Amino acid sequence: MKNQERISVKLSKFHTSLTLSLKALVDERRASGLPVYDFGLGETKGELAPYIREAGRQAFDEGQTMYSDPAGLPELRAEVLKWLGIEEEYPADSVVITAGAKQALFNVFLAICNPADAVLLDAAPWVSYQPLATAAYGFPVMVIPARGDANRLKCDPADLKRNLRMRPHAKIFVLNNPVNPTAQLYSLPEIEELLHICVEHEVFFVLDRLYWRIIFDGAAYPSPIVNPDTRRWLIQIDGMSKNFRRTGGIRIGWSVAPGDVARAMVNLQSHYTAGPARPAQCAALAAIRHSYEPGLPGELQDKRDLLHKEAEGMPWVKIWPSPATFYSFWDVRSTFGKKTPKGERIEGSTDLSEYLIKEGGVITASGAAFMQEGYLRLSFATEVETIRDGMAAMRRGLEALV
Ligand code: PLP
């Protein structure tokens, strides 16, 4: 066997998730004593809530460390429906508990896709949709908005219909609302229209609502209306990683799906994870059982305001409003063709992102990772000083371009 044949053709084309490789870069710079302003990784910081910590510890103390139901703890499955406000619409066995939202998405693709079935992705897809769909033998295709970025890269009904016409083998449309990376929020009429198009075409509408509590300026989350028609085609994905402080590593997510899809995913899961770690499920149960604390969204809204104030008048960039999530999305196309003080030309957003790291230690995520060349994503789930000093370093870096 030749060396290049040892790994499957499919997996040998995979790269590490860009956002995780940024974490390595941050650690490396910190270890060398260089300044770092980390706007790269999308993770909330701060203290873990005591009731979440206690529940995890208690589970270990009580020896809740044996195998349990591969679909997840029954009480957690029931609680997920209440957390999402859909306990009247679904039975608890529609819920499958997973090791993070990533696994919930992978389960969905594995359960639904036959080889080469098209998986339509929204116009600025989150980094892992494409590799996960590919690994499940799906064929990921990005829906390109006809209006370009005039609607801030949101897919409109005409975009979806056009893509469904072009892809008769489409089986899934994945939409993240609110959107990582663009921070945009689809309204209820927008969601409803897209969902109804999927129902009409008998295509699964996979709604990834991982940031659904991080909504600003008093807006409410536009939960799709569940009725017998929509329930057949709607799959909702959610989890612990974004709506609480410091919970990404608990690695608990979930899906709510029609009975046949949920059963297929439980069957699959019984063979490959046997369900996620039980103490982590106990911690997740405590988190979503507790009344939701508005402190985190409130604090993130203040940080968004601070970042946008500090970034005012920044040269070469257009900053989009952020009605939700903890990201700020910047159009940086005007930097293309400019030269750095060392005479290097900025040819794309990855060049700019690398220049900002090397020049001033400012870590951002290049839009190229989200199939949107021309943009940078900044996470403001970070300390106030990082936002202040990091925006000053960013300004110096951008002003130095000629
Ligand atoms: N979906 C979106 C839009 C995300 O941003 C992420 C994580 O960054 C995930 C899914 C995966 O979440 P988890 O960490 O719970 O696996």
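Both counts, for ligands and for their atoms, begin at 1 and track the order of listing. Keep in mind that this is a model prediction, so the values were computed, not measured.
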Legend entry - Validation row, ring centre Phe370 to ring centre Tyr375 under 6.0 Å: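 No, the ring of Phe370 stays outside the 6.0 Å limit from the ring of Tyr375, centre to centre.
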Legend entry - Centroid-centroid distance, Tyr292 to Phe244, less than 6.0 Å: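 Under 6.0 Å, so yes.
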For [atom], what is the closest protein heavy atom, and at what distance to 0.1 Å?
{"atom": "atom 8 (O) of ligand 1", "answer": "Lys242 NZ, 2.9 Å"}
{"atom": "atom 6 (C) of ligand 1", "answer": "Trp126 CZ2, 3.2 Å"}
{"atom": "atom 3 (C) of ligand 1", "answer": "Asn176 OD1, 3.2 Å"}
{"atom": "atom 13 (P) of ligand 1", "answer": "Ser241 OG, 3.3 Å"}
{"atom": "atom 12 (O) of ligand 1", "answer": "Leu210 CD2, 3.3 Å"}
{"atom": "atom 5 (O) of ligand 1", "answer": "Asn180 ND2, 2.8 Å"}
{"atom": "atom 1 (N) of ligand 1", "answer": "Asp208 OD2, 2.6 Å"}

Inset, instruction - Tell me whether the guanidinium CZ or amine NZ of Lys342 lies under 6.0 angstrom from the six-membered ring centre of Tyr355 and within 45° of its axis. - result: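 No, cation not above the ring by the 6.0 Å, 45° rule.
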Legend entry - Gly248 N/O to ligand 1 N/O under 3.5 Å: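 N/O-N/O distance below 3.5 Å does not exist for this pair.
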Inset, instruction - Using non-hydrogen atoms of the residue, decide whether Glu43 is closer than 4.0 angstrom to ligand 1. - result: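 Not so, Glu43 does not reach ligand 1.
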Inset, instruction - Take every heavy atom of Met240, measure it against each atom of ligand 1, and state whether any distance is under 4.0 Å. - result: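 The answer is no, since Met240 has no heavy atom less than 4.0 Å from ligand 1.
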Inset, instruction - Taking only heavy atoms of Arg251 into account, list the atoms of ligand 1 that are under 4.0 Å away from them. - result: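 Within the 4.0 Å cut-off of Arg251, ligand 1 contributes 13 (P), 14 (O), 15 (O), 16 (O).
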Legend entry - Gly100 neighbourhood, listing ligand 1 atoms whose heavy-atom distance to it stays under 4.0 Å: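 Result: 15 (O), 16 (O).
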Legend entry - Approximate separation, where rounding is to 0.5 Å, of Gln301 CD and Ile215 CD1: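 CD1 of Ile215 is found 11.0 Å from CD of Gln301.
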Inset, instruction - Would you tell me whether Asp208 and Tyr129 have side-chain atoms, one donor and one acceptor, within less than 3.5 Å of each other? - result: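 The answer is yes; a qualifying pair exists.
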Inset, instruction - Go through the side-chain N and O atoms of Tyr186 and Glu193 and say whether any donor and acceptor fall under 3.5 Å apart. - result: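 Judged by distance alone, the side chains do not pair up.
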Legend entry - Residue among Phe39, Phe216, Phe380, Tyr211 satisfying ring-ring contact (aromatic ring centres under 6.0 Å, His included) with Phe326: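 Per the ring-ring contact (aromatic ring centres under 6.0 Å, His included) rule, the option paired with Phe326 is Tyr211, out of Phe39, Phe216, Phe380, Tyr211.
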Inset, instruction - Run through Trp330, Tyr327, Phe329 and flag the one making a ring-ring contact (aromatic ring centres under 6.0 Å, His included) with Trp320. - result: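 Checked Trp330, Tyr327, Phe329 against Trp320; only one passes ring-ring contact (aromatic ring centres under 6.0 Å, His included): Phe329.
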